[in-house]
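Everything below concerns the one structure shown next.
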Amino acid sequence: QLQASGGGSVQAGGSLRLSCVASGVTFNRYAVGWFRQAPGTEREFVSAIRGSRGGTWTNDSVKGRFTISRDNTKNTVYLQMNSLKPEDTAVYYCAGGEERKFILPSLGLARLYDSWGQGTQVTVSS
């Protein structure tokens, strides 16, 4: 199971850190990705990180502003979001799957993930 948290409302230029806590999995062999969906749009890949094999993959639209990391001692993946823009407003979801299924570019494919957490709302005002 995955539990996402950390969303909220901020002004443009602000920061938020999302957390995704996993349970019931061997976390260091578990890849976790973040996706987002704004009203009336399709789900969009944001960023993802593999487990012990290492490596991250990030959407160009957030590169340089968002950073993904993990703490295997806490079974947690973080998404640090800086320089937020109104267009970052969305519900953010974390998803997980065994890392052996993923090469780096495929971390962006939602269909490869087995588990999804509930969303957390991020609202950025101008």
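- Scanning for ring-ring contact (aromatic ring centres under 6.0 Å, His included) contacts around Tyr113 gives Phe35, Phe102, with sequence neighbours left out.
- Taking the side chain to side chain contact (heavy atoms under 4.5 Å, CB included) definition, one finds that Ser69 meets it with Tyr78, sequence neighbours left out.
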Could you give the side-chain donor-acceptor pairs of residues 118-126 under 3.5 Å, partners two or more places apart or in another chain?
{"unit_1": "Gln118", "atom_1": "OE1", "unit_2": "Ala4", "atom_2": "N", "d": "3.4"}
{"unit_1": "Gln118", "atom_1": "NE2", "unit_2": "Ala4", "atom_2": "O", "d": "2.6"}
{"unit_1": "Thr120", "atom_1": "OG1", "unit_2": "Gly7", "atom_2": "N", "d": "3.0"}
{"unit_1": "Gln121", "atom_1": "NE2", "unit_2": "Ala90", "atom_2": "O", "d": "3.4"}
{"unit_1": "Gln121", "atom_1": "NE2", "unit_2": "Thr123", "atom_2": "OG1", "d": "3.3"}
{"unit_1": "Ser125", "atom_1": "OG", "unit_2": "Val10", "atom_2": "O", "d": "3.4"}

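- With contacts defined as side-chain heavy-atom distances shorter than 4.5 Å, the pair Leu79/Val46 qualifies.
- Looking only at side-chain heavy atoms (C-beta outward), Met81 and Val62 stay at 4.5 Å or farther from each other.
- Linking ILVMFWY residues whenever their side-chain heavy atoms come closer than 4.5 Å, directly or via other members, leaves Val21 and Phe27 in distinct clusters.
- Cation-pi contact between Arg43 and Trp116: present, with separation from the ring centre below 6.0 Å and deviation from the ring axis of at most 45°.
- Arg29 contributes no side-chain N or O that, together with a main-chain N or O of Val25, makes up a donor-acceptor pair within less than 3.5 Å.
- Sorted by first then second residue, the salt bridge (Lys or Arg N to Asp or Glu O under 4.0 Å) pairs that include residues 7-20, not counting sequence neighbours, number zero.
- A search for side chain to side chain contact (heavy atoms under 4.5 Å, CB included) contacts involving Asn28 returns Thr26, Asn72, not counting sequence neighbours.
- Note that CZ of Phe45 is 6.0 Å distant from OG1 of Thr58, once rounded to the nearest 0.5 Å.
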### Stepwise side-chain contact (heavy atoms from CB on, under 4.5 Å) check, Ser61 with Glu44
CA-CA 10 Å; Ser61 67; Glu44 176 186 38; 3.9 Å; yes

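- Cluster annotation: Leu18 and Ile68 are assigned to the same hydrophobic cluster (Ile/Leu/Val/Met/Phe/Trp/Tyr, side-chain heavy-atom contacts under 4.5 Å, transitive).
- Contact annotation: the side chain of Ser47 never approaches that of Trp57 to less than 4.5 Å [non-hydrogen atoms, C-beta and beyond].
- Listed by first then second residue, pairs satisfying salt bridge (Lys or Arg N to Asp or Glu O under 4.0 Å) with a partner in residues 68-78 number zero, not counting sequence neighbours.
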### Task
Check step by step if side chain to side chain donor-acceptor pair (under 3.5 Å) holds for Glu99 and Ser52.
CA-CA 8 Å; Glu99 66 169 356; Ser52 59; 2.9 Å; yes

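- Residues satisfying the side chain to side chain donor-acceptor pair (under 3.5 Å) criterion with Tyr92, sequence neighbours excluded, are Arg36.
- Criterion: ILVMFWY side-chain heavy atoms under 4.5 Å apart, direct or through other members. Under it, Leu2 and Tyr93 are not part of a common hydrophobic cluster.
- Note that NZ of Lys63 and OG1 of Thr56 are 8.5 Å apart. Values are rounded to the nearest 0.5 Å.
- Identified under the disulfide bond (SG atoms under 2.5 Å apart) test for residues 4-119, with sequence neighbours left out: Cys20-Cys94.
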### Task
Show the numbers, then the answer: is there a side-chain contact (heavy atoms from CB on, under 4.5 Å) between Leu84 and Phe66?
CA-CA 9 Å; Leu84 283 161; Phe66 292 10; 3.8 Å; yes

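- In this view, Lys101 and Asp114 satisfy the side chain to side chain contact (heavy atoms under 4.5 Å, CB included) rule, not counting sequence neighbours.
- Take Glu87 and apply the side chain to side chain contact (heavy atoms under 4.5 Å, CB included) test, not counting sequence neighbours, and it matches Lys85.
- Residues satisfying the side chain to side chain donor-acceptor pair (under 3.5 Å) criterion with Gln80, sequence neighbours excluded, are Asn82.
- Applying the salt bridge (Lys or Arg N to Asp or Glu O under 4.0 Å) test to every pair with at least one member in residues 3-13, sequence neighbours left out, gives no pairs at all.
- Distance CG/Asn59 to CG/Leu107: 12.5 Å, rounded to 0.5 Å.
- The minimum heavy-atom distance between Arg53 and Arg50, with the atom names listed, is O-NH2, 3.9 Å.
- Criterion: ILVMFWY side-chain heavy atoms under 4.5 Å apart, direct or through other members. Under it, Trp34 and Leu112 are not part of a common hydrophobic cluster.
- Here the straight-line distance linking atom CG of Asp88 with atom OG of Ser83 works out to 9.5 Å at 0.5 Å rounding.
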